[in-house]
Amino acid sequence: MISICFATNNKNKLEEVRSKIGDQFTILSLEDIGCLEELPETQPTIEGNSEQKAQYVSQKYHVNCFADDTGLIVDALVGAPGVHSARYAGPNCLPEDNMVKLLNELKDVSNRTASFKTCITLVLKDTQIQFEGSVSGTILQEKHGEKGFGYDPIFQPHGYNISFAEMSMEEKNKMSHRALAVAKLEAYLKSI
Ligand code: IMP
């Protein structure tokens with residue numbers, strides 16, 4: 001069975017991917033390959049960061065690898081927080097701080113459309129390929145719901161009248177930006 005490292009330390013992401021392709025591929029975590037260092041993420045785009053992480057791990061640890069990177073793109077803020085979504089309110093900030101900052105930036109703004117975008121870069125036998133998933137929606141005026149993580153309480157996907165944080169994990173994992181990108185990765189891996 002081909003082994004592929006998923007360059008993440010997030011156990012939920014690992015389980016989600018293993019449940020989808022774990023019967024055909026051995027999905028290794030960073031810990032499994034002995035990578036305990038912080039991965040470089042210095043590129044100006046979501047695609048660039050995902051590529052940087054996948055290439056770094058693949059080249060340094062000599063493994064097949066894929067890495068994901070996600071950002072929230074708010075149209076009225078010309079794409080911000082985008083690639084800076086995790087640390088929008090500053091280094092070591094909490095998700096709460098990021099949401100407060102974003103709501104504040106949009107205080108008097110009527111165009112509240114936004115989208116989550118995930119890019120996955122796969123480096124398999126020295127070939128690189130990228131997969132994208134995105135979900136568009138609106139930034140709510142205030143937080144709704146307790147589930148999920150990150151910006152979930154203030155993001156309502158189009159076609160729904162609840163926020164990501166009001167959905168069950170199963171429901172969100174069926175239609176999220178990450179799920180769409182993972183589905184493309186899964187389809188590709190199953191086709192080779
Ligand atoms: P990462 O690249 O998956 O680590 O995501 C970067 C940042 O985007 C996270 O720290 C969160 O702030 C935000 N983010 C990513 N995915 C989601 C999501 O599904 N819901 C809400 N926020 C997210």
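The first residue in the sequence is number 1, and the count goes up from there. Just so you know, ligand 1 is whichever comes first in the structure, and atom 1 is the first atom listed for that ligand. This one's a predicted model, so the numbers in the text were calculated from it and none came from an experiment.
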Is [X] near ligand 1, meaning one of its heavy atoms is under 4.0 Å from it?
X      : value
Asp152 : yes
Asp69  : yes
Arg87  : no

Nearest non-hydrogen protein atom, [atom]:
atom                    : value
atom 1 (P) of ligand 1  : Lys13 NZ, 3.9 Å
atom 17 (C) of ligand 1 : Phe149 CZ, 3.3 Å
atom 23 (C) of ligand 1 : Phe116 CE2, 3.5 Å
atom 22 (N) of ligand 1 : Tyr151 N, 3.1 Å
atom 16 (N) of ligand 1 : Arg178 NH1, 3.2 Å

Proximal ligand 1 atoms for [X], defined as those under 4.0 Å from one of its heavy atoms:
X      : value
Ser85  : 7 (C), 8 (O), 12 (O)
His177 : 16 (N), 17 (C), 18 (C), 19 (O)
Lys172 : 18 (C), 19 (O), 20 (N)

- Under the 3.5 angstrom rule, does the side chain of Arg178 hit a backbone N or O of Asn173 as a donor-acceptor pair? no
- Taking the side chain from Lys184 and the backbone from Glu132, do they hold a donor-acceptor pair closer than 3.5 Å? yes
Under a 3.5 Å threshold, yes or no: a donor from one side chain and an acceptor from the other, between [X] and [Y]?
X      : Y      : value
Thr138 : Gln156 : no
Gln59  : Gln55  : yes
Tyr56  : Glu37  : yes

- State whether the shortest distance between N or O atoms of Asp68 and N or O atoms of ligand 1 falls below 3.5 angstrom. no
- Query: So, is Asn98 polar-close to ligand 1, with some N/O to N/O distance under 3.5 Å?
  - Reply: no
- Show your reasoning for whether salt bridge (Lys or Arg N to Asp or Glu O under 4.0 Å) applies to Glu170 and Lys174. CA-CA 6 Å; Glu170 294 72 39; Lys174 270 187 227 152; over 6 Å; no
- Query: Taking all non-hydrogen atoms of both residues, which atom of Ser163 and which atom of His144 are closest, and how far apart?
  - Reply: OG-O, 2.7 Å
- So does Asp23 have more than 12 non-hydrogen atoms from other groups sitting under 6.0 Å from CG? yes
- Item | Pairs involving residues 69-98, ordered by first then second residue, that meet side-chain hydrogen bond (donor to acceptor under 3.5 Å, both in side chains) (sequence neighbours left out) | Lys53-Asp69, Thr70-Thr118, Asp75-Thr113, Glu96-Lys143
- Which is closest to atom 11 (C) of ligand 1 by heavy-atom distance: Pro95, Pro81, Gly150? Gly150
- Which residue from Ile46, Thr8, Thr70 reaches closest to atom 5 (O) of ligand 1 through any of its heavy atoms? Thr70
- Would you check, one step at a time, whether the test salt bridge (Lys or Arg N to Asp or Glu O under 4.0 Å) holds for Asp152 with Lys147? CA-CA 8 Å; Asp152 279 349; Lys147 296 193 256 286; over 6 Å; no
